[in-house]
Amino acid sequence: MTELDLLDGLVCEVKEALEGYRLRSAKENLIPINVYAQNMPLKEGKDDEKLYPYVCVCFDRESVEDFDTPMLAEIYFLIGVMDKNADRQGYRDVLQIANLIYQHIFRKRFVAKAFSVLRPYRIQLEQEAPYPYFVGGMEMFFEMPAFETEEDLI
């Protein structure tokens with residue numbers, strides 16, 4: 001199992017966690033949350049409103065301390081919504097999306113039947129996001145399956 005399996009599995013889990021959850025688009029239609037892997041799609045002209053609302057699941061880094069410890073993968077989730085209401089409450093949608101995702105993943109404890117979710121996790125809001133955009137992020141850690149050495153196979 002590789003980092004790509006983890007990333008693909010998380011995209012599926014995020015879609016499942018947000019199934020049925022809708023937010024208003026720039027044109028006031030209720031639409032589902034877009035889920036992207038690693039990168040946002042390229043903007044088509046100046047119209048970036050089609051990208052919102054979104055969650056982008058991104059691989060950050062992987063580390064292993066020594067041969068006796070499991071690999072640790074760090075994943076971050078970028079969450080963006082557009083809220084044109086003057087009360088500037090779009091941050092509430094960002095936090096709600098983050099909560100739905102982490103609760104779903106922690107309930108399952110495993111992603112793609114191989115990657116174990118660990119604590120701690122972190123949620124943060126972007127304080128300087130320009131109106132009407134509201135952005136936040138979440139960081140989670142996953143233990144990756146260990147590789148067997150040739151000695152283990154003998």
Side-chain angles (χ1 to χ4, degrees), residues 1-23 25 31-44 48-83 88-153:
M1 300 300 278
T2 69
E3 302 84 358
L4 293 173
D5 296 313
L6 174 58
L7 200 59
D8 292 342
L10 283 168
V11 166
C12 290
E13 294 297 341
V14 168
K15 287 178 180 179
E16 188 177 316
L18 299 175
E19 188 176 333
Y21 189 76
R22 304 281 188 265
L23 288 176
S25 70
I31 58 172
I33 312 299
N34 296 306
V35 181
Y36 307 113
Q38 197 61 32
N39 296 302
M40 299 286 291
L42 294 174
K43 295 178 186 177
E44 296 176 16
D48 66 348
E49 293 181 355
K50 292 178 185 175
L51 302 177
Y52 288 83
Y54 70 82
V55 174
C56 189
V57 183
C58 306
F59 176 82
D60 190 18
R61 69 180 127 193
E62 177 181 290
S63 61
V64 63
E65 297 298 320
D66 57 49
F67 286 112
D68 296 325
T69 60
M71 290 186 289
L72 181 67
E74 297 178 40
I75 303 292
Y76 63 94
F77 302 76
L78 296 176
I79 302 167
V81 301
M82 181 183 299
D83 183 353
R88 298 182 46 89
Q89 297 294 299
Y91 73 92
R92 299 176 72 82
D93 292 323
V94 172
L95 290 175
Q96 178 65 21
I97 291 168
N99 278 276
L100 288 170
I101 294 168
Y102 88 74
Q103 289 175 19
H104 175 83
I105 291 172
F106 274 102
R107 260 189 245 112
K108 286 195 155 185
R109 299 290 304 263
F110 286 92
V111 172
K113 299 181 182 177
F115 305 97
S116 175
V117 64
L118 304 172
R119 290 193 175 159
Y121 70 93
R122 296 178 182 92
I123 298 175
Q124 183 171 345
L125 291 173
E126 172 61 51
Q127 301 300 320
E128 301 299 322
Y131 174 84
Y133 302 101
F134 294 85
V135 179
M138 182 171 52
E139 180 180 46
M140 296 179 88
F141 302 89
F142 293 86
E143 187 175 295
M144 298 185 62
F147 290 100
E148 292 184 357
T149 63
E150 288 184 10
E151 284 179 3
D152 294 336
L153 300 174

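In this chain, numbering begins with 1 at the start of the sequence shown. The figures here come from the full heavy-atom set of this structure, side chains too, leaving out hydrogens, waters and symmetry mates.
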> Given side chains that start at C-beta, do those of Leu10 and Phe115 come closer than 4.5 Å, heavy atoms only?
no
> Donor-acceptor check, side chain of Gln38 to backbone of Phe59, threshold 3.5 angstrom: yes or no?
yes
> Test side-chain contact (heavy atoms from CB on, under 4.5 Å) on Tyr76 and Gln124; report intermediate values, then the result.
CA-CA 11 Å; Tyr76 63 94; Gln124 183 171 345; over 6 Å; no
> Evaluate the criterion side-chain contact (heavy atoms from CB on, under 4.5 Å) for residue pair Gln103 and Arg107; output intermediate values, then yes/no.
CA-CA 6 Å; Gln103 289 175 19; Arg107 260 189 245 112; 3.6 Å; yes
> Nearest 0.5 Å please: distance from the CG atom of Asp93 over to the CZ atom of Phe134.
9.0 Å
> In Å, rounded to the nearest 0.5 Å, how long is the span from CE of Met138 to CD1 of Ile97?
10.0 Å
> Could you tell me whether a side-chain N or O of Asp8 sits under 3.5 Å from a main-chain N or O of Asp5, the two making a donor and an acceptor?
no
> List the atom of Ala17, the atom of Leu100, and the distance in Å for their closest heavy-atom pair.
CB-O, 3.8 Å
> Any non-hydrogen side-chain atom of Ile79 less than 4.5 Å from a side-chain atom of Ile33?
no
> Output the distance between atom CD1 (Ile123) and atom CG (Leu95), rounded to the nearest 0.5 Å.
6.5 Å
> For a 4.5 angstrom cut-off between non-hydrogen side-chain atoms, does Leu18 reach Pro32?
no
> Just wondering, more than 12 heavy atoms not from Glu65 lying within 6.0 Å of its CD?
no
> Tell me every residue that passes salt bridge (Lys or Arg N to Asp or Glu O under 4.0 Å) with Arg22, counting only those two or more places apart in sequence or in another chain.
none
> Could you measure the distance from the CZ atom of Phe141 to the CD atom of Glu62? Nearest 0.5 Å is fine.
13.5 Å
> With rounding to the nearest 0.5 Å, note down the distance linking CD in Glu16 to CD1 in Ile105.
10.0 Å
> Can you confirm whether Glu126 sits close enough to Tyr133 that some side-chain heavy atom of one is under 4.5 Å from a side-chain heavy atom of the other?
no
> When Ile75 is tested against each of Val117, Val57, Asp60 for side chain to side chain contact (heavy atoms under 4.5 Å, CB included), which residue passes?
Val57
> Passes side-chain contact (heavy atoms from CB on, under 4.5 Å), Tyr54 versus Leu78? Steps please.
CA-CA 8 Å; Tyr54 70 82; Leu78 296 176; 4.2 Å; yes
> Given the rule in the side-chain contact (heavy atoms from CB on, under 4.5 Å) test, do Thr69 and Val64 qualify, once you have shown the distances and angles that lead to the verdict?
CA-CA 7 Å; Thr69 60; Val64 63; 4.1 Å; yes
> What's the separation between atom CE in Met144 and atom OG in Ser63, rounded to the nearest 0.5 Å?
10.5 Å
